[in-house]
Every structure is written in structure tokens, then in C-alpha cells.
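Taking it in order: structure first as C-alpha cells, then the write-up.
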Amino acid sequence: MVLMVYNTLGRKKEKFVPLRDGEVRMYVCGPTVYDYVHIGNARAFVVADVVRRYLEYKGFKVKLVSNVTDIDDKTIRRANETGVSVQQLSEFFTEAYLEDMAKLNLKRPDVMPRATKHVPEMIEAVETLVEKGYAYQVDGDVYFDVSKFKGYGKLSGNRTEALQMGARIEVDPRKRNPADFVLWKSWKPGEPGWYSPWGKGRPGWHIECSTMAVKYLGETFDIHMGGKDLIFPHHENEIAQAEAATGKPFARYWLHNEWLTVEGDKMSKSLGNFVTVRDALKMCQPEVLRFFLISAHYRSPIDFNKENLRVAEGNLRRLLNAFERLEGLPERKVRCGDEEKLVSEVREAKQRFKEAMDDDFNTPAAISAAFSVAKAINSYVESNAEVESSAKQEVAETFRRFLDVFGVQLKPAEHGVDQAGLVKELVDLIVDLRQEMRERRDWKTADRIRDELRKLGITIEDTAEGTRWKIRRPN
RNA sequence: GCCGGGAUGGCCGAGUGGCUUAGGCAAGCGGCUGCAGACCGCUGUACGAGGGUUCAACUCCCUCUCCCGGCUCCA
């Protein structure tokens, strides 16, 4: 099956064919580490992670590069405000970022270049642009001359003449064209600086990304991702810099995710509704947050609120319950009609899952396919107390791989199957005793045991096939 | 001003020129059950408005209304 992706460059769905057979090279604009990452950032990173996981599911070898911007206006400002060095600040928040991403179960990028470690390359890139006549120097600053790059605007659809430059911010009169952007900024007191042919200074934001992308992925690579706000000017400028310098196409497919709103509003400082990943994780488990983030298509807006989080939690639980239920089923050798039905339903769901993901990573539709698997399992369990091994394996494997693409991990220790051995035996004993009381119709004691165990995080469920129990995931 | 995205049942959220009123939540009914939970079966309620194209449009075209975003650091 063919993977179709919506390419911002061209604004339509296209067949995805990587440059090198079987191999995908992608770049995701990472965070500027001046504060904790917020859930909007998280959406972009989770989306990229799902894209990466699905490409891997399809058998591609993926090389993912995601930068850390550790030097720019914001890090400098924040460092000065808080009285620490830029380096201390960025190291602190880089660490926090990595922790948050690990909680959200993101696979580590293959390379996570930091801007400050690549200044010589950036200087070189700027020099090339100056030599080729795409950039000019004014005092200690270097600007990119957008009028020299004829493709300028091809990503965003903005035409430079139409941009209302200066509408909200004053245009530097030294620029030749109001749309020109800075490649190198001259040093000012209190700022970190590097020596360059134009004097002491630091790189502009846009040149950081394009330089590191080219360094680790080559002059032309497959996918470049980020939030839609990056389309202009950041990605537009990256294209201009990279293509002007190399004369070759930069990224081939540009994917941009929509906004996340909080209670209907865009997150903004003025509204005071910034929700960091850390704040969100006080409200729910990390896998719930992650599942919520992929419950809408990445190009649709999604609203962060309690209700949506609650629904996401219930839905995820439903999926995991079914999986655990299947896992807990004793195996047998013979296969019957119910297994045939189960397996064929699951194969159908797998087909739907692939079609959904192949259609521009349609996660909500893929989740719907996962629900079919859950339903098929539950329905099977309704009338069977055991399952033939190979059928069980096929179903479990299919389901596991779905959940793996979503990045919602299953932790086998939580089935209560063996935790520490002792715990299992103890709970089994209590459950057995409770069973005796139930047979004696001592409901009061039986219920008390169930309630007390629940307080300890152990859930008991009585079914026709006997009593099941599991340990609730600790917070 | 210039660019762009939306409007689907009580809520969230896919999708297609007829085979979809996906899927989930919530609601109702029934089953399982000592009770609870989990689960199973069934039921209801849609495609912002107006035109047009068509045998047939929620799906294509046009107009309108309303919402949201980019053009400035922003995921």
C-alpha cells in the first residue's frame, strides 16, 4: 500500500516516496530551551514520533534529527532575568525537556544537535550565502536578501510585496527589503558571542536549523516537520537559506500540525493559559495525555480540557482492558469457529489500520480499527474461557503493534501476573478466601474485601469464569 | 490588505458522489451478575444557509453566514 502525506509545499496529498529506497530521513524542529515545554509543543513532538513509528512499522529505516535551540533571544532574555548563565539555563531546560519526552514515551531522535555546538558550521553557511550574493553585511549583522532567492514564499504562499511588514514590529531601516531576515547578529553586552568574519556575534535562529539539518541529513532529505506556526517565517527562511546555498531542493515533504487550544483558546502568555507538560501530567497519566494528543488528526485543531482528557482515559483503558483480557486467557491446542471469527475480524481491522495510517497518518481512524480489535476480543471472551495458541498470538501481536505505533506502552508487570511473586500469591489467597465467603453468601465481608483492596490499588472483577484481579497502575 | 483552515448527531471525532448515520463518550432498552465493575447485544438523534452540476451530494462548483489561524518570538 502507498503512503499518502499532505505536503504543505504544494498543499495537497502526495505519494510518499523516500529519496533512498527503504530509508527515511526526517527533521523535526525541537524546542527553544528557555522554559518547560508546553502541551502544544508536546503535540508537535508526539505527532512526529507517531510518524516515525508508523514509518518503522512499514519497514522503513528512519533517521530522525531534532535540534535543541539553546541560543537565541529568548534564552538570553530569560537567563538575564533569572540571573543565571545562558548555558546553565539551557542545560536545565534541556534536561527537563528530555524527561518530559521520555514520560510521553517518545523515541529518542537519532541525533539531537545543539545550536551552540554548531556555530562554526553556521558561520560557514553564512559565508557561503555572502559569497554567492544572497546575503549582505550591515555593520556587524548579516542579512539574507529575499529578493535574490526567487523561490521565496513557495512554502507559505506569502508574497513578499503583500506582507504587511512593519505592521506590528518596526522594520530595521538598514535592511534592503523589509522581509530580509538576519543570519548573523552582532554582539551586544551581556550576550554570549562567537568570533566570525563579521565580528563577534551569534547566529540567527533560522540558520541554526537549516545548517544542522543539512549537516546530519544531507542537502536534500525527506521529511521536515513542525507546528504550522513555523511555516512562516521559520521554514520559509530555512528553505531560502539552504536552497540558495546548495542549489538543491531542501526537504521534500513538509508536514505541519494544527494548533492545540486550551478550553477553546489559543495558549498565550496574555491569557495566562499556558499548560506545560508537567502541569498536564498532574491531571492525567502520560499515556493518557499522549493518547489524547493523537485522538484527533494532526492537521485538525484539538482542545485540551478535562472532559476530553477523561474520555481519552476511558478509551485507552478500554483498549488496554481488552488486551489484558486476551493475554490472561489460558491457551489450548484446538481451534474452533470462534477463533476463526476472531482472527478474521482482527485481520480486517489490521487492514483498516493500515489504510488509515497510510492516509496521511489518520490516527483517529486507526484508533477506530483498534477498537474493532478490542471488540472482537471482548466478544470472543464472552463465550470462551480459553483460546487456541496461534490465534491468540496473532491477535495479540497485531494489537500490540497498533499500540506501539500509537506509542502507548503496555507494561506486563501490571497484569498482576507476577509483580514480585509474593504479591501475586497473597492476592490470590485473599481472592480465594473471598470466594469462599461469596459461596457462603457472606456478601458483606466479600464486598469489604473488594473495597479495601481497591483502596490499595487492586481491582477485583467477578466474572462467569471466576474472579480476575489486577493492580492499578501507580501514579 | 494578503495568505490559509474549519462548520458532521447531546459531546468528541473520521469519511465518502449511491455500499458509513466510521469509531468513542453520553442516553435508552435487553443480557451477564448477590451487588458493583468490566463486558456482550440492540436502539435513537447528523452532515452551517442558499443556489447549481448530477439519475443521485453531507461528499463536486458558486455565493453567503459564522468561527479560527498566519503575515511578529511561538509547536
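Chain naming here is simple, since letters A, B, ... match the order of the sequence lines and numbering starts at 1 in each. As the structure is a prediction and not an experimental result, all values here were calculated from the model.
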Checklist entry - Is there any salt bridge (Lys or Arg N to Asp or Glu O under 4.0 Å) pair reaching into residues 337-351 of chain A, and which pairs are they, with sequence neighbours excluded? => result A:R332-A:E339, A:R335-A:E340, A:K341-A:E345, A:R347-A:E394

Checklist entry - If you look at every strand shown and take non-hydrogen atoms under 4.0 Å, does A:K266 touch a base, only sugar-phosphate, or nothing? => result base

Checklist entry - Within the pair A:N41 and B:A75, is there a side-chain N or O less than 4.0 Å away from OP1 or OP2? => result yes

Checklist outcome for this item: note: A:L155, atom CG; B:G4, atom P; distance rounded to Å ~ 12 Å

Checklist entry - Out of B:A14, B:G34, B:A75, which has the shortest distance to the side chain of A:A365? => result B:A14

Item to check | P atoms of B:U8 and B:G13, separation to the nearest Å | outcome: 9 Å

Checklist entry - With a non-hydrogen cut-off below 4.0 angstrom, is A:E258 in contact with a base, only sugar-phosphate, or nothing? => result base

Item to check | Sugar-phosphate only, base, or nothing, as touched by A:G40 at under 4.0 Å among non-hydrogen atoms | outcome: base

Next on the checklist: What's A:R450 touching, base or sugar-phosphate or nothing? Going by heavy atoms closer than 4.0 Å.
Outcome noted: base

Next on the checklist: Heavy-atom nearest nucleotide on RNA chain B for A:P301 versus A:A376: which residue maps closer to 5'?
Outcome noted: A:P301

Next on the checklist: Between A:S147 and A:N177, do the side chains contain a donor N or O and an acceptor N or O under 3.5 Å apart?
Outcome noted: no

Next on the checklist: Quick check for you: among B:A22, B:G15, B:A75, whose closest atom lies nearest to any side-chain atom of A:N362?
Outcome noted: B:G15

Item to check | Atom-to-atom span, CD1 of A:I377 to C1' of B:C40 - whole angstrom | outcome: 14 Å

Checklist entry - Got a second to check how far A:R325's CZ is from A:L320's CG, nearest 0.5 Å? => result 12.5 Å

Item to check | Touch class at under 4.0 angstrom, heavy-atom based, for A:S372 against every strand present | outcome: nothing

Checklist entry - Given the side-chain rings of A:Y54 and A:Y57, with only the six-membered ring counted for Trp, is the space between their centroids under 6.0 Å? => result yes

Checklist entry - Taking OP1 and OP2 of B:A38, is either one under 4.0 Å from a side-chain nitrogen or oxygen of A:N378? => result no

Next on the checklist: I need the CG-C1' distance between A:D229 and B:C73, as an integer number of Å.
Outcome noted: 10 Å

Item to check | For atom CD of A:E461 and atom P of B:C35, their distance in whole Å | outcome: 16 Å

Next on the checklist: With rounding to the closest Å, how many angstrom separate the P atoms on B:G10 and B:G69?
Outcome noted: 26 Å

Checklist entry - Hey, are A:D145 and A:R176 close enough for a salt bridge, meaning a charged N less than 4.0 Å from a carboxylate O? => result yes

Item to check | Spacing of the P atoms in B:C35 and B:G30 (rounded, Å) | outcome: 14 Å

Next on the checklist: Once you apply a heavy-atom cut-off of 4.0 Å, does A:L260 come out as touching a base, just sugar-phosphate, or nothing?
Outcome noted: base

Next on the checklist: Using a strict threshold of under 4.0 Å (side-chain N to carboxylate O), is an ion pair present between A:K455 and A:E452?
Outcome noted: yes

Item to check | Between B:A27 and B:U65 - P atom distance, rounded Å | outcome: 40 Å

Item to check | Side-chain N or O of A:S383 closer than 4.0 Å to phosphate OP1/OP2 of B:C40 | outcome: no

Next on the checklist: Base, sugar-phosphate or nothing for A:D447? Non-hydrogen atoms, less than 4.0 Å.
Outcome noted: base

Item to check | A:Y6 OH - B:G6 P separation (whole Å) | outcome: 8 Å

Checklist entry - Rounded to the nearest Å, what distance is computed from the CG atom of residue A:L319 to the P atom of nucleotide B:G23? => result 15 Å

Checklist entry - NA contact type, A:H38, heavy-atom cut-off 4.0 Å: base, sugar-phosphate, or nothing? => result base

Checklist entry - Is the phosphate of B:C40, meaning OP1 or OP2, less than 4.0 Å from a side-chain N or O of A:R318? => result yes

Item to check | Distance in angstrom units between A:M437 CE and B:C35 P, rounded | outcome: 20 Å

Item to check | Per A:N257 side chain, nearest of listed nucleotides B:A38, B:G4, B:A75 | outcome: B:A75

Checklist entry - B:A14, B:G70, B:A75: which one has an atom nearest the side-chain heavy atoms of A:N158? => result B:G70

Checklist entry - If you look at every strand shown and take non-hydrogen atoms under 4.0 Å, does A:D73 touch a base, only sugar-phosphate, or nothing? => result nothing

Item to check | Ion pair A:E258/A:R299, N-O distance below 4.0 Å | outcome: no

Item to check | The single option from A:Y253, A:F361, A:Y298 passing side chain to side chain contact (heavy atoms under 4.5 Å, CB included) against A:Y6 | outcome: A:Y298

Item to check | Sugar-phosphate only, base, or nothing, as touched by A:T261 at under 4.0 Å among non-hydrogen atoms | outcome: nothing

Checklist entry - With sugar-phosphate meaning primed atoms plus P, OP1 and OP2, does A:D462 contact a base, only sugar-phosphate, or nothing at under 4.0 Å between heavy atoms? => result base

Next on the checklist: Please report the distance separating the P of B:C58 from the corresponding atom of B:C19, rounded so that it comes out in whole Å.
Outcome noted: 12 Å

Next on the checklist: Ring centres within less than 5.5 Å and planes less than 30° apart: is that true of A:F371 and B:G24 in this structure?
Outcome noted: no

Checklist entry - What distance, rounded to whole Å, do you find between the two P atoms, one in B:C11 and one in B:G48? => result 14 Å

Checklist entry - In whole Å, what separates the P atom of B:C55 from that of B:C29? => result 48 Å

Checklist entry - Under 4.0 Å between a side-chain N/O of A:K375 and OP1 or OP2 of B:G41, yes or no? => result yes

Item to check | Worked verdict on A:W469 versus A:L453 for side chain to side chain contact (heavy atoms under 4.5 Å, CB included) | outcome: CA-CA 10 Å; A:W469 62 268; A:L453 283 178; over 6 Å; no

Checklist outcome for this item: Side-chain contact check for A:H297: nearest option of B:A14, B:G24, B:A75 is B:A14

Next on the checklist: Dot-bracket for RNA chain B, please. Rules: Watson-Crick or G-U, both distances under 3.5 Å, ( ) within the strand, [ ] when a pair crosses earlier ones, | for another strand, . otherwise.
Outcome noted: (((((((..(((.....[....))).(((((.......)))))....(((((..]....))))))))))))....

Checklist entry - How long is the gap from OG1 on A:T459 to CG on A:N321, to the nearest 0.5 Å? => result 9.5 Å

Item to check | Lys/Arg cation over aromatic A:Y34: A:R77, 6.0 Å, 45° cone | outcome: no

Next on the checklist: Please determine whether any donor N or O and acceptor N or O are separated by less than 3.5 Å between the side chain of A:R438 and the base of B:G34.
Outcome noted: yes

Checklist entry - Of all the choices, B:A22, B:G69, B:A75, which nucleotide is nearest to the side chain of A:R352 once you look at every atom? => result B:A22

Next on the checklist: Please give the distance between the P atoms of B:G70 and B:C61 as a whole number of Å.
Outcome noted: 27 Å

Item to check | Length of the CG-P vector between A:L309 and B:C25, whole Å | outcome: 16 Å

Item to check | 5′-ward residue of the pair A:K444/A:R11 relative to RNA chain B | outcome: A:R11

